[in-house]
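Computed from a predicted model, the values in this text were never measured in an experiment. Order of the sequence lines sets the chain letters (A, B, ...), proteins ahead of strands, with each chain counted from 1.
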There are 2 protein chains.
Amino acid sequence: MKPPHVAILDDEPEVRRMLSDALEEAGFRTTSYGRAAEFEIGLKRSAPDVCLVDLGLPDRDGLALVHRLALESGAAIIIISGRAQVQDRVTGLELGADDYIIKPFDPAEVVARIRARLRKGRAEAERVLQTARFAGWVAQFDRYLLVAADGSEVPFSHAEGEVLRIFLESPKRLITRAQMQESLGGAAGDSFDRAMDVRISRLRTKLGEDPKNPRLIKTIYGAGYIFLGEVVWS
Amino acid sequence: MKPPHVAILDDEPEVRRMLSDALEEAGFRTTSYGRAAEFEIGLKRSAPDVCLVDLGLPDRDGLALVHRLALESGAAIIIISGRAQVQDRVTGLELGADDYIIKPFDPAEVVARIRARLRKGRAEAERVLQTARFAGWVAQFDRYLLVAADGSEVPFSHAEGEVLRIFLESPKRLITRAQMQESLGGAAGDSFDRAMDVRISRLRTKLGEDPKNPRLIKTIYGAGYIFLGEVVWS
DNA sequence: CGGGCGGATTACAATTCGTAACAATTGCGA
DNA sequence: TCGCAATTGTTACGAATTGTAATCCGCCCG
């Protein structure tokens, strides 16, 4: 997979350098331009995935440029501007910019915002399967399936999945019964806690736990539960 | 075309009102929630196009919620937070938020940023997508026809097509029964849910699903359905 | 060492879902 | 207008999952 290409348009050389340094360190390819005329020539040679555009250009009205870019280019357009008024931001976004960052900016935030833009573009294809690995198991939450170390598959139900998710999201930490009820959306009190017990019990059997010596879901008498075991999400 | 639906999650009633007023004036449908628990229940009823999430929630860690939303929901996620540090913004965006707005905010900018998000998303959807490929099938919605891998053709009806389209538009994602009913325009409640079951059942038989071990349309008891399988629209 | 209490497990009941059979609706052509 | 066929909704019943209640087991403290 090729690294995404970011085009930078800003008349101040220091700003250009700061941006290109940060972006290349973050794994992007960059091309920098100081004037709108060069920028447009560069666009014809290679289509960037993201355009960072400063509005205060010497040779062209920045907003008009943004508008044309939005219509003609498929790239994500991010304005970087010293003009901080709300009205400036609103018109910039209305004209087709995908984001508006105010100077002075932090390069780390620029990187994060670029990533957010690129993510949506290819989000569906790249969406990582929501899976967790622990103690030889692989839990696939998008398929409601547990895969054992030997490859055998054990389906789990929605109720069991909710409990399992809570455990896997905070392993090695005490989870009180009240917390778990809250997460499961159940009204605390009367007889719902018994339902929770049953859910945990059924989950334990699916995980092949030895009731007398549970290795994964440990009961803390009078307090709650702890999920032991290294969890790696991917 | 239905107006986009924006879900608002913020514990301060004034903020909720300010947002919903501005958004509805701008032509959006809104639903407001004060607590994460209610918000998640609302998500099961109808799938919003945009989620505005405040990080300072009383009953749940906002960032964890954002992360789950990013993975499980197809909506655009915009954080609205009083935490203004760069580090906060970066982690919020890295966890899957599409934008990060700092309190105090101007409603006009919120509207503009929501529009910017929807614009990008809709650009994809606006290409008239009439055929989808999945699991060896080709679904041609303009001809109400399913073409199998061996070339044989199976016609599907309008009702079946509606269900199929919903599945193919959000594959590998839980679709609650309420969401599906809303998409199908049916009044929830009495006996319409049985009609939906029947539609799905008939679609399953046309797809040649094994009732005991469905490979494509999986039922999540008590929750909804998931369409497994890679989908490519063209 | 025994009682009380909290949790685990089992059996059963309630809910939810699948599908087959049937009824209602729609659309079309004679 | 009538009748036929295709589609869709409705009802009924069986199967699967989940909650509830009853019982059993084990921990903690005296």
Side-chain angles (χ1 to χ4, degrees), chain A residues 144-146 154-164 167 174-181 184-227, chain B residues 44 143-146 153-167 174-181 183-227:
Chain A
Y144 288 82
L145 220 58
L146 274 165
V154 181
F156 57 83
S157 71
H158 183 65
E160 290 156 359
E162 282 188 311
V163 175
L164 180 59
F167 280 130
L174 176 69
I175 298 167
T176 67
R177 299 173 70 84
Q179 278 174 353
M180 181 156 294
Q181 283 184 173
L184 298 181
D190 219 14
S191 72
F192 179 75
D193 46 354
R194 237 82 289 271
M196 198 185 67
D197 287 353
V198 176
R199 266 144 95 132
I200 291 174
S201 170
R202 292 203 248 251
L203 179 59
R204 280 210 255 233
T205 59
K206 288 212 174 169
L207 287 172
E209 291 274 84
D210 175 15
K212 308 195 149 188
N213 183 30
R215 297 180 312 133
L216 289 172
I217 302 174
K218 186 162 183 180
T219 304
I220 308 301
Y221 193 91
Y225 300 91
I226 285 186
F227 186 88
Chain B
K44 289 178 184 163
R143 300 185 185 205
Y144 291 86
L145 219 57
L146 273 165
E153 298 183 344
V154 181
F156 58 83
S157 70
H158 181 68
E160 290 156 359
E162 282 188 311
V163 175
L164 180 59
R165 180 179 284 278
I166 291 169
F167 279 130
L174 179 69
I175 299 168
T176 67
R177 299 172 69 84
Q179 283 173 10
M180 180 155 294
Q181 282 184 169
S183 298
L184 298 179
D190 221 13
S191 73
F192 178 76
D193 45 355
R194 234 88 287 275
M196 197 185 68
D197 287 352
V198 176
R199 283 188 184 191
I200 291 173
S201 171
R202 293 204 248 253
L203 179 59
R204 279 209 256 232
T205 58
K206 289 212 174 170
L207 288 172
E209 291 274 83
D210 174 15
K212 307 197 147 188
N213 185 29
R215 296 181 313 133
L216 289 173
I217 301 175
K218 184 159 183 179
T219 303
I220 310 301
Y221 191 98
Y225 299 91
I226 283 187
F227 187 88

Hits for side chain to side chain contact (heavy atoms under 4.5 Å, CB included) against R143(B), two or more places apart or cross-chain, chain-then-number order -> Q140(B), L145(B)
N213(A): which residues meet the side chain to side chain contact (heavy atoms under 4.5 Å, CB included) condition with it, sequence neighbours left out? D210(A)
Is there a side-chain contact between R199(B) and the phosphate of dG9(D), meaning an N or O under 4.0 Å from OP1 or OP2? yes
Strictly below 4.0 Å: does R202(B) bring a side-chain N or O up to OP1 or OP2 of dT8(D)? no
Using heavy atoms to find the nearest nucleotide of DNA chain D for H158(B) and H158(A) separately, return the residue whose nucleotide is more 5′. H158(B)
Most 5' of E160(A) and S157(B) on DNA chain D, judged by nearest nucleotide: S157(B)
Nearest-nucleotide pick for A159(B), side chain only, options being dT11(D), dT8(D), dT18(D): dT8(D)
Residue list, ring pair (Phe, Tyr, Trp, His ring centres under 6.0 Å) with F227(A), at least two apart or on another chain: F134(A), F167(A)
Excluding sequence neighbours, so at least two apart, what forms side-chain hydrogen bond (donor to acceptor under 3.5 Å, both in side chains) with [X]?
X	result
K206(B)	E160(B)
R204(A)	T219(A)
Q179(B)	none
Y144(A)	H158(A)

Separation of atom [atom1] in [X] from atom [atom2] in [N], rounded to whole Å:
X	N	atom1	atom2	answer
Y144(A)	dT18(D)	OH	P	10 Å
L203(A)	dT18(D)	CG	P	12 Å
D193(B)	dT8(D)	CG	P	18 Å

Bounded by its outermost nucleotides with an atom under 4.0 Å from a heavy atom of chain A, the footprint on DNA chain C reads dC5(C) to dT10(C)
If you assign R204(A) and R177(B) each to the DNA chain C nucleotide with the nearest heavy atom, which residue ends up on the more 5' nucleotide? R204(A)
Residues in contact with DNA chain C, drawn from residues 209-226 of chain B - heavy-atom cutoff 4.0 Å: P211(B), T219(B), Y221(B), G222(B), Y225(B)
Is the shortest heavy-atom distance from the side chain of I220(B) to the side chain of Y225(B) under 4.5 Å? no
Rounded at 0.5 Å granularity, tell me how far CD in E209(B) sits from OG in S201(B). 11.0 Å
